[in-house]
Number of protein chains: 2
Amino acid sequence: MTLHDVARHAGVSSMTVSRVINDYAFISEAARAKVLKSIEELGYRPNAVARATRTGVAQVGVLYSNPNSSNLSAFLMGAFRKAGEIGCQLLIEPTAAHPTPARAVAKLIEAGVGAVVLPPPLCDNAKILKLLAAAGVAPVSFATARPSPDVTSVAIDDFEGAAMMTRHLIALGHVDIALVRGDPSHSTSTRREEGFRATMAQAGLAVPDAYVVEGAFTYRSGLTAASQLLGLRRRPSAIFASNDDMAAAVSAVAHGMGIAVPTELSIAGFDDTPVASTIWPQLTTIHQPIADMAATAVELAAGLARRDADDDQPRRHVLAELTLVVRQSTAPPAS
Amino acid sequence: MTLHDVARHAGVSSMTVSRVINDYAFISEAARAKVLKSIEELGYRPNAVARATRTGVAQVGVLYSNPNSSNLSAFLMGAFRKAGEIGCQLLIEPTAAHPTPARAVAKLIEAGVGAVVLPPPLCDNAKILKLLAAAGVAPVSFATARPSPDVTSVAIDDFEGAAMMTRHLIALGHVDIALVRGDPSHSTSTRREEGFRATMAQAGLAVPDAYVVEGAFTYRSGLTAASQLLGLRRRPSAIFASNDDMAAAVSAVAHGMGIAVPTELSIAGFDDTPVASTIWPQLTTIHQPIADMAATAVELAAGLARRDADDDQPRRHVLAELTLVVRQSTAPPAS
DNA sequence: CTGTTAGCGCATTCAC
DNA sequence: GTGAATGCGCTAACAG
């Protein structure tokens, strides 16, 4: 099943078919329709490998900082799936393997990538962006809370996600809601906090200073935060942790103190990583379609990697859809 | 930098270079040496994409059952890395997306894969193996504890891994060691139990029936198991859980009961999944090089996918190396 | 043992 | 608008 089979079937030349496939502008509607119909009837799928021999393989680099991130597998799934589809080569580079993130970037540049996907916190790193720009390598920032207008990005609306969860908690009847913040160096942390605070304010609910505690997106930091919060004289009836790892830690501490979840304490997470459905009770959390987002990021990156020097085309900014996943860790407050 | 450049540099034809690259047997040592030298000097790297146009892309399927498995990301990393290197196409198929595993296999077969990588428990499933055989698709079993001699496999020695951990616990001075078993339908569970029991017996240590409790490799099952074990009049001083998820659950329950880890209770896991270094205290566990193993599995599978019908060549069985990773969850017993 | 010929499936180039 | 020729980098199949 090749281009030529389709061409013969449609009664045109292979070039016309090729043009239709590649969305070439100047084709008569008649020819395009015939070709499309033949493609449909024959079930033709373009051969990405063969195509790559002519166009050259678009190489796109993927940097990642946290090898244990629970999102990593979903991220890789999506990224590799898309890479396979469009026939581009992915170079995965763990920054942890290098003394500095800049060295990791340098390695990717030397390898000849045309674009790089940058998850947080790298995507907010001006130095790295500068390095990339100097080498003429296009960046695609992934999951930043504050996408720069100059940089193509795929992200979620962290503010809105936090707001959704806060609304859920409020709707359940909670009034004393505490927040465990994320790593302050990630832009997502502040956006999530803002979403939380804005929603609380809008509902006319106060947020005492003691109810907002520092965290670092790690399980361990969640342990500390939870001890602080649950040791308070006036304990919150719900704790919203800025990610699932910290929520899991809150859950463990609550267990340890003999506080029943969710009857005595509601716990909410964010991200819907595997741990959310691993622990018990399973966490109510905000789901982001990481695999799809990764696929989109790779697609955009591959596009940028191809056209060498069209610097002045508009940057694209994709916002992925969030969903509130209600599981067993949240319920109406006790009283 | 192509084959021809190398050929010219070495003063031979491109075919000779091609043959050297592909380890063709009948080449004079003189020619081979010249070519190798030129490749070295020119820094030539074969173009996997171009190669694939001639040989056809070896398609290898990967089935997986548990989308949340913490090992998944390491597995995918290794698998995709190798696939990219050797230019083969990976078709990932989650069995969960199908009513039965058999349907997932059927889909892969229809897609035209030449070989399939089968993680547990699928690799021990005779029905699936039969299906594959009927379609002439080669299986590669991944991480089975009981590799069938007829099936190419990449695995670890579960017995030895469990023995290593048990020896570590004994060396620390523990005598009352309990085991949380894994899912009885996985062959790894029984091999790990056997390794544990054999080592205990060898050290002259008794294993009371109450010290071996059922688990299912899930966090939740670990919760139940831990409650059982820690509720015992004579509490074990160390608990060896058959995987990290269950060990994490044991840790949470211990926290909940106010039992200090590791001073009052040592906890050991198996697999070295991300959760092991996420929770606190971090888990002592057995590390298996999942990414390397996955890469090997894909390589073997791609080889099998290529040669269509050489059924009678010997099956390869690769055993990966295990390492004991000592972290903070184990220590000498209290008394 | 080694070289020649002939494409793989597609896209670029330049005709028409 | 459309098509014919040409070659990407590599390797099967054949000749030597």
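Quick note on labels: first sequence line is chain A, next is B, and so on, each numbered from 1.
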Quick one: is [N] close enough that its OP1 or OP2 comes under 4.0 Å of any side-chain N or O from [X]?
X	N	result
Arg51(B)	dG9(D)	no
Thr53(A)	dC8(D)	no
Ser14(A)	dG9(C)	no
Ser18(B)	dT11(D)	yes
Thr2(A)	dG9(C)	no

Give, ordered by number, those residues of residues 26-47 of chain B having at least one heavy-atom distance below 4.0 Å to an atom of DNA chain C; if nothing qualifies, reply none.
Phe26(B), Ile27(B), Ser28(B), Ala31(B)
Qualifying salt bridge (charged side-chain N to carboxylate O under 4.0 Å, His left out) pairs, either residue in residues 1-10 of chain A, two or more places apart:
Asp5(A)-Arg8(A)
Please tabulate, one pair per line, each protein N/O and nucleotide N/O from nucleotides 12-16 of chain D that are separated by under 3.5 Å, including the distance.
none

Separation of [N] [atom2] from [X] [atom1] (nearest whole Å):
X	N	atom1	atom2	value
Asp5(B)	dG9(D)	CG	P	9 Å
Arg8(B)	dC10(D)	CZ	P	12 Å
Leu3(A)	dA4(D)	CG	P	13 Å
Ile21(B)	dG9(D)	CD1	P	13 Å
His4(B)	dC8(D)	NE2	P	8 Å

Which pairs would a plain distance check flag for residues 74-87 of chain A, meaning a side-chain donor or acceptor within less than 3.5 Å of a matching protein atom at least two apart in sequence or in another chain?
| unit_1 | atom_1 | unit_2 | atom_2 | d |
| --- | --- | --- | --- | --- |
| Lys82(A) | NZ | Glu85(A) | OE1 | 3.3 |

In this structure, SG of Cys123(A) is separated from CG of Asn125(A) (nearest 0.5 Å) by 9.0 Å
Checking side-chain polar atoms at under 3.5 Å, does Ser153(A) have a donor or acceptor matched by the opposite partner on His317(A)?
yes
For the residue pair Ser187(B) / Asp124(B), report whether a side-chain donor-acceptor contact shorter than 3.5 Å exists.
yes
Donor-acceptor check, side chain of [X] to backbone of [Y], threshold 3.5 angstrom: yes or no?
X	Y	value
Asn22(B)	Tyr24(B)	no
Asp271(A)	Thr273(A)	no
Thr152(B)	Val140(B)	no

Would you indicate which nucleotide in dG3(C), dA11(C), dT2(D) comes nearest to any side-chain atom of Val12(B)?
dG3(C)
I want to confirm an ordering. Mapping Ala50(A) and Tyr24(B) to their closest nucleotides on DNA chain C, which one lands closer to the 5' end?
Tyr24(B)
Could you pull out all residues at least two apart from Ala155(A) that satisfy side-chain contact (heavy atoms from CB on, under 4.5 Å)?
Leu319(A)
Would you check if Leu118(A) and Leu132(A) make a side-chain contact, meaning some heavy-atom pair closer than 4.5 Å?
yes
Is there a donor on the side chain of Thr16(A) or the base of dG1(D) sitting less than 3.5 Å from an acceptor on the other?
no
Within 6.0 angstrom of Arg103(B) CZ, more than 12 heavy atoms from elsewhere
no
Can you give me the bend angle of the helix from dC1(C)-dG16(D) to dC16(C)-dG1(D)? Use the axis through the first five pairs and the one through the last five, nearest 10 degrees.
30°
Applying salt bridge (charged side-chain N to carboxylate O under 4.0 Å, His left out) to Arg32(A) and Glu29(A), what does each step give before you reach the verdict?
CA-CA 5 Å; Arg32(A) 182 190 304 278; Glu29(A) 272 316 313; 3.5 Å; yes
